[in-house]
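Structure first, then comments.
Below, each value reflects all heavy atoms present in this structure, side chains not excepted, and no hydrogens, waters or symmetry copies. Naming convention: chains lettered A, B, ... in sequence-line order (proteins, then strands); numbering from 1 in each chain.
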Amino acid sequence: MKWSKYFSPTIKEIPADAQVASHQLMLRAGLIAQECAGIYYWLPQGLKVLRNIMRIVQEEQDKAGFNEILIPTLQPTDLWQESNRYDGYGKEMLRIKDRHDRELIYGPTAEEAVTDIFRRYVKSYKDLPMVLYQIQWKFRDEIRPRFGVMRGREFLMKDGYSFDISEEAARETYRKVMKTYIAIFQRIGLQAMPVRADTGPIGGDLSHEFLIVAETGESTIYYDKAFDDLKLDGSDDDLDKLMAIYSATDELHDAESCSIPIEQLRYKKGIEIGHIFYFGDKYSKTMNAKVMDESGKLSAVYSGSYGIGVSRMVAAIIEASHDEHGIVWPESVAPFQFGLLNLKIAHEQTTKLCEDIYACFQKENKTILYDDRKEGAGAKFSDMDLIGLPWQIIVGPKNAEENKVELKNRKTGERAVISVEGLYERFLQG
RNA sequence: CGGGGCGUAGCGCAGCCUGGUAGCGUGUCUGGUUUGGGUCCAGAAGGUCGGAGGUUCGAAUCCUCUCGCCCCGACCA
């Protein structure tokens, strides 16, 4: 992509309405723009990041054998009456009336809708376990949205729902989902901690929050220091260890009754980007989602639901990965892998070399943003640092004349002048 | 919803207290200049001062109402 043709508006000034780093940077780097309180436009670069995260989530969910579906954003109120959540959900739920005065809601979650799909088709235990998931925009009319997409009213969420014949089986499914979560966060390249969370009225130990560790996080996590030494790779072994180690959200943690000695206790700040929990037959009973079990009896299914805040994760990643110059994208989600800076458009050799590099990278489907704008070198350096692409290929007249470029790593700040051949060898096949 | 704050040029802000021809920085456009960290110079365009009503000879400024946005609290992927 050539920047001169790309809609990627960067802002030098810090927007007045943004308080936290991720919000400021998302606006300044041209990822999002505010439509109204808690609702945002997604501009090209922001959309690319969103899609990259979605893709990783989808791949890991599909790999585990989960089925992706898509629930409409609008849902009829009947289902919510049926599950007895219609009145309980309160003002957070956006209610809309159509021309026939029929009331609809803009879905804040989809337990009812998914249960409705499930009960229509699945009649036998032989079809279980089943996990259905979607990635869809949700709306929760928060009293006070804030921090940009970190806590917006409209947000993109991956929500999954599991159906099992027994609590034991449901527990297995829960673990399976947990493994996919660990894999997802690992691929994104951030330290995400699964932390035991409040299970609400159901009780038991089957609820975890996943938090991206960031200084600016709003939640505090308490955990056994053994956690720090654990390398999570998603194996069953690790999962067992993980489940055994003490961890708790700040609501759950109680210094008095904490099961581990104080010298073993650690705490960190984090941003919640995932929450999974088991809720048993809560909805299957009220909504009559039953299957025939082995003995020929109708049995309500046991369920759990599993969320990942996809749009929030964009902000959370930035909170965890930025510096004073701008965003520092992990390669896994970066809008482009490479930024190519032409420092002097008017210099024939420089521009020729840039065009060559651009063509070669494109040919091998490397995502590259070529800054071919008629801007000064300083502006290009600043903008490129701001948008945070992992690799910068800097081409100026002096180096161009010797067929050399400067390669800069955004994260480490390391720079090296290398030959064009060296550049190709490093990143390209042919 | 309670408490606080802000709406003036695309963006960031001053002017308001004490009413009298709407300003600064930046960005945009034009010409020149510069070219490894947002160069410099000159010129230009751009605002019904969030909206409505009122007071006044005269309102960005004073009064009333209203809409929007931000921050703190209770809620949350």
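- Look at CG on A:L94: it is 16 Å from C1' on B:C76, rounded to the nearest Å.
- Base pairing of B:U33: no nucleotide in any strand meets the Watson-Crick or G-U wobble criterion (both distances under 3.5 Å).
- Remark: B:A45 base-pairs with no nucleotide; criterion is Watson-Crick or G-U wobble with both hydrogen-bond distances under 3.5 Å.
- The side chain to side chain contact (heavy atoms under 4.5 Å, CB included) test with A:K138 is passed by exactly one of A:L156, A:I71, A:D159: A:D159.
- Contacts between residues 301-335 of chain A and RNA chain B, counted as heavy-atom distances below 4.0 Å, involve A:I308, A:G309, A:R312.
- Going from atom CD1 of A:I56 over to atom CE of A:M313 covers 8.5 Å, rounded to the nearest 0.5 Å.
- For the pair A:L341 CG and B:U35 C1', the computed distance is 14 Å after rounding to whole Å.
- Using cut-offs of 30° and 60° for the angle between ring planes, the A:W137 and A:W42 rings count as tilted.
- In this structure, A:F163 has its ring center at least 6.0 angstrom away from the ring center of A:Y302.
- The nearest whole Å value for the distance from the CZ atom in A:R153 to the P atom in B:C76 is 18 Å.
- Contacts of A:G90 with the nucleic acid, taken as non-hydrogen atoms under 4.0 Å apart, are absent.
- Comparing the same atom, P, in B:G68 and in B:A52 gives a spacing of 16 Å after rounding to whole Å.
- Checked against the 6.0 Å centroid threshold, A:H275 and A:F277 count as a close aromatic pair.
- Nucleotides B:G25 and B:G43 place their P atoms 12 Å apart, quoted to the nearest Å.
- Comparing B:G23 with B:U28, their P atoms are spaced 23 Å from each other, to the whole Å.
- Within 4.0 Å of A:K91, counting heavy atoms only, lies no atom of the nucleic acid at all.
- Comparing B:A42 with B:A59, their C1' atoms are spaced 37 Å from each other, to the whole Å.
- Nucleotides B:G7 and B:C13 place their C1' atoms 13 Å apart, quoted to the nearest Å.
- Ring centroid separation for the pair A:Y370 and A:W3 does not come in under the 6.0 Å cut-off.
- A donor N or O paired with an acceptor N or O is not found under 3.5 Å between the base of B:C76 and the side-chain atoms of A:R140.
- Heavy-atom distances to RNA chain B give each of A:A37 and A:A346 a nearest nucleotide, and the one nearer the 5′ end belongs to A:A346.
- The residue A:L156 sits apart from the nucleic acid: no heavy atom pair falls under 4.0 Å.
- Counting non-hydrogen atoms under 4.0 angstrom, A:E272 reaches the backbone sugars and phosphates but no base.
- Side chain of A:R146, nearest nucleotide from B:G12, B:C70, B:C71: B:C71.
- Base-pair partner of B:U21: not found among the strands shown (Watson-Crick or G-U wobble, both distances under 3.5 Å).
- Distance A:E13 CD to B:C24 C1': 13 Å, rounded to the nearest Å.
- Between the P atoms of B:A74 and B:C69, the separation comes to 22 Å (whole Å).
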Exercise for review: For the pair A:V195 and A:I221, evaluate side chain to side chain contact (heavy atoms under 4.5 Å, CB included) and give the outcome as yes or no after the intermediate values.
Suggested key: CA-CA 7 Å; A:V195 179; A:I221 333 160; 2.9 Å; yes
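- Distances were taken from every side-chain heavy atom of A:R151 (C-beta onward) to each of B:G73, B:C70, B:C75; the shortest belongs to B:C75.
- When each of A:F155 and A:G38 is assigned the nucleotide of RNA chain B with its nearest heavy atom, A:G38 is the one assigned upstream, toward the 5' end.
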Under 3.5 Å between N/O atoms: give me all the protein pairs with nucleotides 38-40 of chain B, atom names plus distance.
| from | atom 1 | to | atom 2 | distance (Å) |
| --- | --- | --- | --- | --- |
| B:G38 | O4' | A:A379 | N | 3.3 |
| B:G38 | O2' | A:K12 | NZ | 3.3 |
| B:G38 | N1 | A:D383 | OD1 | 3.1 |

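- Ring geometry for A:Y222 against A:H253 counts as parallel: the plane angle stays under 30°, on a 0 to 90° scale with 60° as the upper cut.
- Cation-pi geometry between A:R95 and A:Y86 is satisfied (NZ or CZ under 6.0 Å from the ring centre, within 45° of the ring normal).
- Taking the ring centroids of A:Y278 and A:Y174, they lie at or beyond the 6.0 Å cut-off.
- Heavy atoms of A:G152 sit under 4.0 angstrom from at least one base atom.
- Side-chain proximity of A:L343 to B:C11, B:C75, B:G36: nearest is B:G36.
- A:W80 pairs in a ring-ring contact (aromatic ring centres under 6.0 Å, His included) with only one of the listed residues (A:Y106, A:Y283, A:Y89), which is A:Y89.
- Atom pair A:D198:CG and B:C76:C1' shows a separation of 13 Å (rounding to whole Å applied).
- Nucleotides B:C62 and B:U18 place their C1' atoms 11 Å apart, quoted to the nearest Å.
- The distance from atom CD of A:Q136 to atom C1' of B:A77 is 14 Å, rounded to the nearest whole Å.
- Nucleotide B:C6: paired with B:G68 (Watson-Crick or G-U wobble, both distances less than 3.5 Å).
- A:Y306 and A:Y161 have their aromatic ring centers separated by at least 6.0 angstrom.
- One can place OH of A:Y89 at 11 Å from C1' of B:C75, the figure rounded to the nearest angstrom.
- Neither OP1 nor OP2 of B:G68 sits under 4.0 Å from any side-chain N or O of A:Q34.
- Taking atom C1' in both B:A9 and B:A45, the straight-line distance is 11 Å, to the nearest Å.
- Pair check for B:C16 finds none; no Watson-Crick or G-U wobble contact set falls under 3.5 Å.
- Atom-to-atom, CD1 of A:I14 to C1' of B:U26 comes out at 14 Å; the value is rounded to the nearest Å.
- Aromatic rings from A:F336 and A:Y6 are positioned such that their centres are separated by under 6.0 Å.
- Contacts of A:I273 with the nucleic acid, taken as non-hydrogen atoms under 4.0 Å apart, involve only primed sugar atoms and P, OP1 or OP2.
- If you check B:C70, B:G36, B:C75 against the side chain of A:E406, the one that comes closest is B:G36.
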